[in-house]
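Read the structure below first, then the notes.
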Amino acid sequence: MSITIEKVILHKLQMRLKSPFTTSFGTFQDKDFFVVEVIDEKGNVGFGESVAFSSPWYSEETVQTNEHMMKDFLIPLLLEKPIEHPDEVFLRFLSIRKNHMAKSALEGAVWDVYAKRNNITLAEALGGTKEEIDVGISIGIQPTVKDLIEVIGKHVEEGYKRIKVKIKPGWDVDVMREVRNVFPDIPLMVDANSAYTLDDANHLKQLDDLNLMMIEQPLAHDDIFDHAELQRQLKTPICLDESIHSYDDARRAIELGSVKIINIKVGRVGGLSESVRIHDLCQKHGIEVWCGGMLEAGVGRAHNIALTTLTNFTLPGDTASSSRYWEKDIIDPDVTVTDGIIRVPDKPGIGYDINRPALEAFTVDKTVFNR
Ligand SMILES: O=C(O)CCC(=O)c1ccccc1C(=O)O
Ligand SMILES: [Mg+2]
């Protein structure tokens, strides 16, 4: 039965991370973003979250470009006519170039509505089967190596299944050598967020001695070609994040030999439908995947959890507990991690309730669109 979206509500939120998060491209603490609420003709309510940051550091999208794209192009397209299945949202949005995070926020809310209409979990709607998922944690650049080792120790103690450390020139090989000395056996990886070029290949080769699970996005955010050359020179598997925007990017990167592992971020690739397609392609080619994070609040976190229940998400993702990021999250209950595991919720849709008072408390602006 076709789904008619009657109403879209854009909640603009402002939340503050418990502590600043530093990558090779900048530091975040205050997070502005949109929670998208869609309501269908039966009164089902679905939620999505836009993951763009205020500045275009990770990708070209920002909170403001998301707002422009959703208001002026994407919401009108969504309200134009009914859909039969959420996969159609991605296809309908193809007439608008890129702007994947804006598209994904709306598409995710429609997926939630679709699952709720069918009285199934979002995980089931996506074809996921796992009842619990393994998770790791991503640790930003710290003031000192001593701080880093302390933070890692705390998270290892908490049971996280994999530790990811952000690196940049000047904070890389020597730092990781010290970390490896203190923690000889932990599953460990690094993420460079595009801080290097091919000229750094010899320098990066030193990481090969440290038994890292992978090096994430060492080279340019828009490169697929040079990563293939770097992978020929490195033993450590390369994982791509920023460079993979679509199924076709993934197909080309796999064919060129630029990746052994892909970090799937729903917002980066334009939604859950495209995420599932990339997952399936990788599975066919023996490329492992894991679910990345964008410092999401609870709605985005819930979407990531549902996606991670698909079978080829074999490596722990970045979806840590709500409490690692926020004093108070916008969902009920919070996402909790026990021994590095999240139990996948079994309620229909995203599986968590929206904490309306918390949502209201963080809301700085709200716009309603009717069909
Ligand atoms: O904990 C998270 O949500 C992921 C943290 C993270 O690594 C990250 C955070 C902000 C922007 C980019 C990235 C990344 O995966 O590259
Ligand atoms: Mg990354």
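We use all heavy atoms of the structure for the numbers below, so side chains are in, but hydrogens, waters and symmetry mates are not. These figures come from a predicted structure and were not determined experimentally. Start at 1 and go down the list; that is how both ligands and their atoms are numbered.
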Is a side-chain donor or acceptor of Gln231 paired with a backbone partner of Thr236 at a separation under 3.5 angstrom?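 At least one qualifying donor-acceptor pair exists.
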
Answer with side chain, backbone, both or neither: which part of Thr23 has a heavy atom less than 4.0 angstrom from an atom of ligand 1?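 Near ligand 1, Thr23 shows nothing, with every heavy atom at 4.0 Å or more.
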
Heavy-atom distances under 4.0 Å decide this one: backbone, side chain, both or neither, for Thr319 against ligand 1?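 Neither part.
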
Applying a strict 4.0 Å limit to heavy atoms, is Leu295 in contact with ligand 1?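 Heavy atoms of Leu295 do come under 4.0 Å of ligand 1.
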
[X] bridged to [Y] by N-O distance under 4.0 Å:
X: Arg268; Y: Asp241; result: yes
X: Arg277; Y: Glu274; result: yes
X: Glu242; Y: Lys265; result: no

Which ligand 1 atoms does [X] reach within 4.0 Å, using its non-hydrogen atoms?
X: Lys166; result: 6 (C), 7 (O), 8 (C), 13 (C), 14 (C), 15 (O), 16 (O)
X: Asp241; result: 14 (C), 15 (O), 16 (O)
X: Glu216; result: 15 (O)
X: Ser138; result: 5 (C), 6 (C), 7 (O)

As a quick check of understanding, evaluate ring-ring contact (aromatic ring centres under 6.0 Å, His included) for Trp111 and His85, giving each step before the final call. CA-CA 8 Å; Trp111 267 104; His85 186 274; 5.4 Å; yes

When you measure from [atom] to every protein heavy atom, which one gives the shortest distance, and what is it?
atom: atom 16 (O) of ligand 1; result: Asn193 ND2, 2.7 Å
atom: atom 10 (C) of ligand 1; result: Phe53 CZ, 3.6 Å
atom: atom 1 (O) of ligand 1; result: Tyr325 OH, 2.6 Å
atom: atom 9 (C) of ligand 1; result: Phe21 CE2, 3.7 Å
atom: atom 4 (C) of ligand 1; result: Gly293 O, 3.3 Å

Quick one: does Lys164 get an N or O within less than 3.5 Å of an N or O on ligand 1?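 Between Lys164 and ligand 1, an N or O pair is found under 3.5 Å apart.
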
Does any N or O atom in Phe25 lie less than 3.5 angstrom from one in ligand 1, N or O only?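 Checking ligand 1 against Phe25, no N or O pair falls under 3.5 Å apart.
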
Below 3.5 Å, can you tabulate the donor-acceptor pairs from side chains in residues 125-134 to any protein atom, sequence neighbours excluded?
| from | atom 1 | to | atom 2 | distance (Å) |
| --- | --- | --- | --- | --- |
| Lys130 | NZ | Thr308 | O | 2.8 |
| Lys130 | NZ | Phe313 | O | 2.6 |
| Glu132 | OE1 | Arg343 | NH1 | 3.1 |

Which is the closest N/O/S atom of [X] when seen from the Mg ion (ligand 2)?
X: Glu216; answer: OE2
X: Asp241; answer: OD2
X: Asp191; answer: OD2

May I ask which of Arg324, Lys31, Glu296, Lys265 has a heavy atom nearer to atom 12 (C) of ligand 1 than the others do?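 That would be Lys265.
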
Measure the shortest side-chain to side-chain distance between Val36 and Ser50 over non-hydrogen atoms and say whether it is less than 4.5 angstrom.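 No, every pair of side-chain atoms sits at 4.5 Å or beyond.
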
State, yes or no, whether a side-chain contact exists between Gln14 and Lys31 at a heavy-atom distance under 4.5 Å.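 Side-chain contact under 4.5 Å: no.
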
Among Lys366, Arg356, Lys7, which residue meets the salt bridge (charged side-chain N to carboxylate O under 4.0 Å, His left out) test with Glu37?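 Filter result, single survivor: Arg356.
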
Regarding Arg324 and the six-membered ring of Tyr160, is the cationic atom NZ or CZ under 6.0 Å from the ring centre and inside 45° of its axis?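 Judged by the rule, Arg324 and Tyr160 form no cation-pi pair.
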
Using the rule given for salt bridge (charged side-chain N to carboxylate O under 4.0 Å, His left out), can you reason through Lys284 versus Asp280, listing the C-alpha separation, both sets of side-chain angles and the distance that settles it, and then say yes or no? CA-CA 6 Å; Lys284 204 171 90 190; Asp280 293 351; over 6 Å; no

